[in-house]
Each structure stands twice: as C-alpha cells, then as structure tokens.
Amino acid sequence: MSSYSRFWRVFRRNKLAIFGGLVVFVFCVLAVLAPWIAPHDPYMGDLLWRLRPPAWVDGGSWDYPLGTDNLGRDILSRILYGTRISISLGFLVIGICTAIGVVLGLVSGYVGGAVDAVIQRVVDTLLAFPYLVFALALMAAFGPGFVNMVLALTYKEWVTPCRIVRSEVLSAKENTYVEAARAIGASPTRILFAHILPNVVPSAIVVATLRVGWVVLMEASLSFLGLGIQPPTPSWGAIIADGRNYLFRAWWISTFPGIAILLLVLGINLLGEGLRDALDPRLANAPLEQ
Amino acid sequence: MTLTYLIRRLLQAVPVFLGVTFIVFLLMYMTPGDPVDLMMGEGSVVSEEEIEQLRHELGLDRPFYEQYGRFLAGIFRGDLGNSITHRRPVATLIWERLPATIELTLLAGVIALAVAIPAGVVSAVRRYSVLDAVGSIASLIGVSMPGFWLGLILIIFFSVTLKVLPVAGRITYGTGLEPRTGFFVLDAILQGNGRALVDVLKHLIMPAFAMSVVMMAMTMRLTRSSMLEVINQDYIKTARAKGLANRTVILRHALRNALIPVVTTVALNLGSLLGGNMIIESVFAWPGLGRLVVESVYARDYPVVQGCVLVYALIYVSLNLIADLSYAYLNPKIRLE
C-alpha cells in the first residue's frame, strides 16, 4: 500500500479533521468570493444606519445581518473582506517561514559543526524574545504596512520548522538509505535534496499547518493594537478594536469578528492535528514555541 | 543534578544574553529618526550647534561598536537610559510597573494550573467518556481563541450586562490602600484592609482569567497526553497488581511522573503568558509592563520600548533556564547524557 493511501485511510476516519478541513475550505472560498457575495461596500457606511444591531435583535434589519458599526458600515461585509487578509497573511508568512526553516534545518542537521552551532545560537537567541513583544517593537521601528507586518511575523516563525527538520535530518542521516546513496557516490546536495528532503516533508507540512492558526492570531493581535493592518482596511483585529469604544452600546461590532477568528483558527488546528495523526504521530509532543 | 551540568547550562545562556542585547540595540539603532529629533519635538527652535552638542553628549556621534559597548555597560549598572515622554529613567519606570504585571501573571498561572491539571487527569483516566470529549473540545477552543477578544466578551457580559465587575484598572479610588510592596493583594492583606482586598480581586479576576485561558488549554492537553502515556507503563501495572487503590495509583504513581513534562512546559508557557499579557493589559487598562510597552510604542518613546523588550527577553531566558534545570532535576535520564 502506498504511503498516500495509508495517509488517506487514517485521515478520513478522523471526523474532526475533516470538519476542520471543511471550515478552512469554506473560509478560503469566502475570501476569494468576498467582492461578489458581500452585501455592502466594506468601506462605505451609511450614517443613517449607524450602530444598528444584528437582524434578530430589536431594531435590526436583514439588510445588515450582523449589524453596522459607528460609521454605518456593514459588519458582515467587513468580516468577509477581513477573511482575505487573515488567510493570505497566514499562508504567506507560513510559506516563507517553512521554506527558510526547512532549508536551514536541512543544512544545520546535515552539515553540522560550526554551521550548525551558528544557526542554533541564532535560533536560541530568537527564542528568547516573546513573540508579540518583539513583533510590536519591529512594527514600531519600521512603521505599519503589509510588508512590515509580514517581516514582523516572520522573524521568529521559521525557528519551529528549522528545529523539527534539523532533528529529523539528524535521525535520517543514520539510516541505511543515506549510507547507500553515499556509497554509490551521490553528492551531499543530492543526498540532502533527493534522499533526505522527501522524508522530512510530512513533518514540515504538519508543523506549517498547525502554525497558520498562530499567525492568524498574531496578525489579529497586532491589528487590534493598531500596529498591523491600518484602517479603513477591514482586518478582523482592527474591526474588534473599532468596537472597543462601543462595548456599552454596540456589543456586536467586537463580537462577530472574534467568532470568525475562533472558527478559522479552530478549523486550522483540527485540520493540522488530523494531518499530524495521519502523517507523523511522533510530532504529538513536539515543541511548538510561542 | 550535577554541578557540571548546571555550570554548562549557565554558560550556554551567556551567548544568548549577549545576542539578545545586540538585537535589541540593533533594532533601535536601525530605527529611522534620531532620538535627538524626538527629544526636540516638532517645530522647536534649536540651532544646528545645539543639536550637535546634544548628540555628542548622548554619544550618538560615536562609532557603532562603542555605542553598543556603552549600552551593554549601562545594562550591567542597571541603567537603561531615560524615557523621552516621562523624562525619567527607564529602569525606574519598569521597576514601578513590574509588580502589577507579576501579580496578574501569577494569578493567571494559578487559575490555569488549578483547572488544567485536574481536568487533564480526569480526561486521561476517563478516556473517551463524555467528560473527556467536553474537556478536549473546550481546550481546543481555548487555544484557538484570541485572548484579547475573550477579554472584551467578559467585559460585555460581566461589566456591561450584569454590572458586577469593574471594566478596567487595578483598584477603585478611595479604598484607603497604601501601596507599599506594589503587589496590591499582598498590601491589602498586610494592612488588614478587607474592602480593598475585595476591590483588588474584583479588578484582577477578568484580566487574569482572559490571560489564563491559553495556558489552561495547553496544560490540560499536555497533562492528558502525558498521563495516558504513563498509565500504560509497566510500573503502573505493577502498582495495580500489588492491589493498591486506584486513587493511590493515579495520584501517587502516575501523576507524579506525568507531571515532569508538564512542569517544564509550564515554565516555558509562563514566559509566553508574559508576552501575551501586553495585549490583555491594554484591554483592561492594567498599569503594568505590557501597557507601558504599548503606550511607548504609540508615543515613539524608543528608550522605554528598548528597555522593556530587554526585560521581557531576560525574564524569558531565565524561565527557559529554570525549565531546563527543573527538567534535569526531575528526570534523571537527562543528566546521564
């Protein structure tokens, strides 16, 4: 039986993982279709309709199913557009970090010696910074904006895949197939990329999936503090911050984007854990740094 | 724990410490804009000579390595420079704010562990029961939720709707509490001021709970998986075969061993809890270190940001060290390596 069909056999029995995958898929579809399905313009408000409650509450209207904010903008439309930012940033940051982490992890584990020592000291140093504190300092130093946001979220995120791939390489190195490849005269690059890399891919995928949720949470946190995506761009964290001054009059502004974050991150975590159990159960106790 | 292990581990922390100070220094060195410009403020009338004079006094005209050397030397003297907005030493500002943050973090940690460890044990012992399912789903939701959002939801529920808890702050004005240690709970107890104690606890409970949720969820999951692993070990079977009561087997034999990885992770999590407290402190207007960082970022008060990042990192490194040492102490296998 191929490893693919074995993976699928385990994975599809995990109903929670299938549910998680479905949630993530739905959010991706919503992100793509946002301009066509959003009932209103997320930037243009109607001041006559400001601070309207959700449809099922007295004074609400189905024109604005989740209510409106202080500028009369439709919350549902803003959340739908916010999906685009959370999802694209999540995948972009994790994509970059996985690429960096895997390459450095491969090199660190395979070459060893001084190269390994240097990379591992950098890893140790970065691990010494609480994630959000340093990201905040970076945003403060370089100013808000999409590119700076990607940088601020990337600085430490590559460390997790790097460490996990490194330890995988260290154990793979001792295997007979690597010795065999070396015996027939394969170059180190070839051994690394053709023989060892395919064996660390499953762990890298699992770690990457589990970390997307974390990045979504960090983006929301930075935007909530006003140091991430800038208004009027609708990002989930920023919408929650908009509602902060209206907690007493309009609870719905802050409540619904938070539910969207919760659902997306929950979906990602369920999917990631399902992938882990099917691809690489040993990772269950792997350290996932904050 | 052998002395050599302790010394080796302490020595390993030295390059990390130097790396941290270097990165923090570099961050502010590369920041666009000069501290002098910020100190002068916009539209102030100062001559070029005066600016040069100030730059010289602050050592900003010296080469990079010399400035870093001064920065490092300052750290060892406990001198982190002066705040631009508060016009006071950064170290003093941090020192004043630290008790509020420690008080909040400790309470959050206590809440997290008090719930997570018993819940994790029950989940493992009654695996696949309804309780286990509820616990697992709750902990999954816990790790997937933004803490600051939970904070706002708590405010909406307890402060806006039920009106039983204060929205923000640390204490109500006029409770007659004299801040001596800076830890208000301790101060209230020492002064026998019951009214103040209740007031302080009312202010503490929401931010502490909002902060504790992530750690609670993570610790619960870890306790569960660690317990499950231990329960299947031979020595547990032996203990059962001896005819010991189930309670004794679980609490005395299984839990003690299952807690080894938990203790280590808790020390690490306490560090991230501290990092995450920044945003919770902002939500609840909690006058701690986290709010100081956020305010200083808004005010572009770079010396304060720099000092706070450094303090956070040092606490984090120390907690990592404690985690490693406690692991070595609790788990004899590590020491042999």
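Protein chains get the first letters and strands the later ones, always in sequence-line order, with residue 1 at the start of each.
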Comparing A:S221, A:G213, A:A220 against chain B, the one with the most heavy-atom pairs below 4.5 Å turns out to be A:S221

Are A:L127 and B:Y316 close enough that some pair of their side-chain heavy atoms sits under 4.5 Å apart? no

Are B:F148 and A:L225 packed together at the side-chain level, in the sense that at least one heavy-atom pair is separated by less than 4.5 angstrom? no

Note: A:L136 and B:V294 closest approach over all heavy atoms is CD2-CG2, 4.1 Å

On a heavy-atom basis, which atom in A:N269 and which in B:S144 lie closest, and how many Å separate them? ND2-OG, 3.1 Å

Taking all heavy atoms of B:V143 and all of A:L217, pick out the closest pair and write down the distance. O-CD1, 3.8 Å

Between B:I23 and A:F129, is a side chain to side chain contact (heavy atoms under 4.5 Å, CB included) present by the stated rule, with each step listed? CA-CA 10 Å; B:I23 291 180; A:F129 291 103; 3.9 Å; yes

With a 4.5 angstrom heavy-atom cut-off, could you sort out which part of A:I268 is near chain B: side chain, backbone, both or neither? neither

Measure distances from A:F224 to the heavy atoms of chain B and classify the residue's part below 4.5 Å as side chain, backbone, both or neither. side chain

Select one option (side chain, backbone, both, neither) describing which atoms of A:L263 are under 4.5 Å from chain B's heavy atoms. neither

Between the OG1 atom in A:T255 and the CH2 atom in B:W149, the distance rounded to the nearest 0.5 Å is 7.0 Å

With a 4.5 Å cut-off on side-chain heavy atoms, are B:T161 and A:W251 touching? no

